[in-house]
Amino acid sequence: MQEQIKNINTLEELQALYTSTFGKNGTMTARLKEMKNLDNDARAALNLENATLRELFKTRQSELEQAVLMAGLQKQKLDVSLNPVPENRGTLHPLTHSLTCISKILESFGYTMYTGPSVEDDWHNFTALNTPDHHPARDMQDTFFLANGNVLRTQTSAIQIRAMETDGVPIKMFGVGCTYRKEWDATHGPMFGQIEGLYIDKNITMSDLIGDIRAFLTRFFELDNIELRIRPSYFPFTDPSIEVDMKWKNDRWLEIMGAGMVHPNVLRNCGIDPDVYQGFAFGFGWDRLAMLKYNLPDLRDLYNNDVRWLKSAGF
Ligand code: DAH
């Protein structure tokens with residue numbers, strides 16, 4: 001019997017033999033029924049035989065099942081020369097990608113990310129930033145005013161005020177958000193992304209500011225070395241104020257960001273003593289940096305969400 005099981009080659013035959021052995025009228029079934037008439041040794045021998053045969057059936061069954069599976073697989077040939085169905089893979093939008101890069105770099109410098117509301121009140125967008133009523137900077141920025149006197153945030157500088165109001169000093173933060181102005185041409189849109197950096201502590205100087213800007217731009221544009229030009233400028237919320245230009249590939253100077261030492265009035269407006277604490281702030285458009293990084297001619301393309309353009313531009 002044992003040899004017979006081992007030599008069976010199909011599952012059907014194995015099943016038939018199993019039934020004729022262990023089924024209702026099977027040979028082993030009949031012998032087991034008579035076990036009560038046997039002496040102890042014979043009982044033990046029958047039990048052993050029963051267990052061995054069952055084990056053999058099980059082993060042979062799984063061998064035969066495995067063989068059926070392998071035969072089936074061998075029949076299914078895979079044609080690897082067939083062209084695959086084209087895949088539509090998503091990618092990060094260039095703005096998302098550049099914002100992620102910027103955040104990672106600033107966070108590695110110890111800046112913490114903050115956000116704020118797009119609809120701002122006059123205090124956070126202007127007054128606290130040392131830009132009182134009738135200050136020309138309010139016109140300069142072509143503000144969208146709301147009927148209730150609030151504004152669509154014209155600058156993420158508003159976020160630095162909120163950050164100092166809630167978390168106090170020392171503080172090292174960057175604010176991220178969309179800002180809104182009445183502008184529309186190839187390098188200006190009515191909505192654009194801005195980043196605002198702020199570092200206030202007891203011993204912060206202009207050279208800390210320039211050091212961080214240089215390190216940031218070098219990392220962002222993945223350059224070994226960059227040439228910067230620091231020009232004196234004017235912003236109501238910084239004193240002294242500077243503008244930072246960077247030498248671009250064709251030796252052109254590009255205006256990259258505004259910055260300066262935070263004006264004592266701004267600190268006072270946030271309840272901070274300017275005789276103890278001081279520091280710097282800087283602000284730039286992150287879509288403008290994306291345009292430079294990816295060599296894009298028109299800022300507005302970034303906001304049209306035209307997948308054909310995104311694909312043709314390599315995103
Ligand atoms: N808020 C300025 C703007 O929108 C950018 C800016 C300039 C921010 C100088 C700063 C700064 O923090 O120090 O044009």
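These numbers come from a predicted model, not from an experiment. One-based numbering, in listed order, for ligands and for the atoms of each.
Taking each of E196, Q155, R181 in turn, the one with a heavy atom nearest to atom 12 (O) of ligand 1 proves to be E196.
Here D287 contributes atom CG and S98 contributes atom OG; the two are 7.5 Å apart, rounded to the nearest 0.5 Å.
Listed by atom number, the atoms of ligand 1 under 4.0 Å from G258 heavy atoms are 7 (C), 9 (C), 11 (C). Listed by number with element, the atoms of ligand 1 under 4.0 angstrom from any heavy atom of G260 are 13 (O). Atoms of ligand 1 found under 4.0 Å from any heavy atom of S157, numbered from 1 in the order shown, are 1 (N), 8 (C).
A side-chain N or O of E13 and one of T10 form a donor-acceptor pair less than 3.5 Å apart.
Looking at F237 against ligand 1, only its side chain comes within 4.0 Å, counting heavy atoms. Heavy atoms from both the backbone and the side chain of A281 come within less than 4.0 Å of ligand 1.
The 12-atom threshold is exceeded at CG of N37, counting heavy atoms of other residues, nucleotides or ligands nearer than 6.0 Å.
For F280 and Y199, the gap between ring centers is short of 6.0 Å.
The closest approach between any non-hydrogen atom of R153 and ligand 1 is not below 4.0 Å. Ligand 1 is never approached by M257 to a heavy-atom distance shorter than 4.0 Å.
A cation-pi arrangement is present between R54 and F22, with the terminal nitrogen or guanidinium carbon under 6.0 Å from the aromatic centre and inside a 45° cone about the axis.
At a threshold of 4.5 Å between side-chain heavy atoms, the hydrophobic network of Ile, Leu, Val, Met, Phe, Trp and Tyr places I210 and L223 in one connected group.
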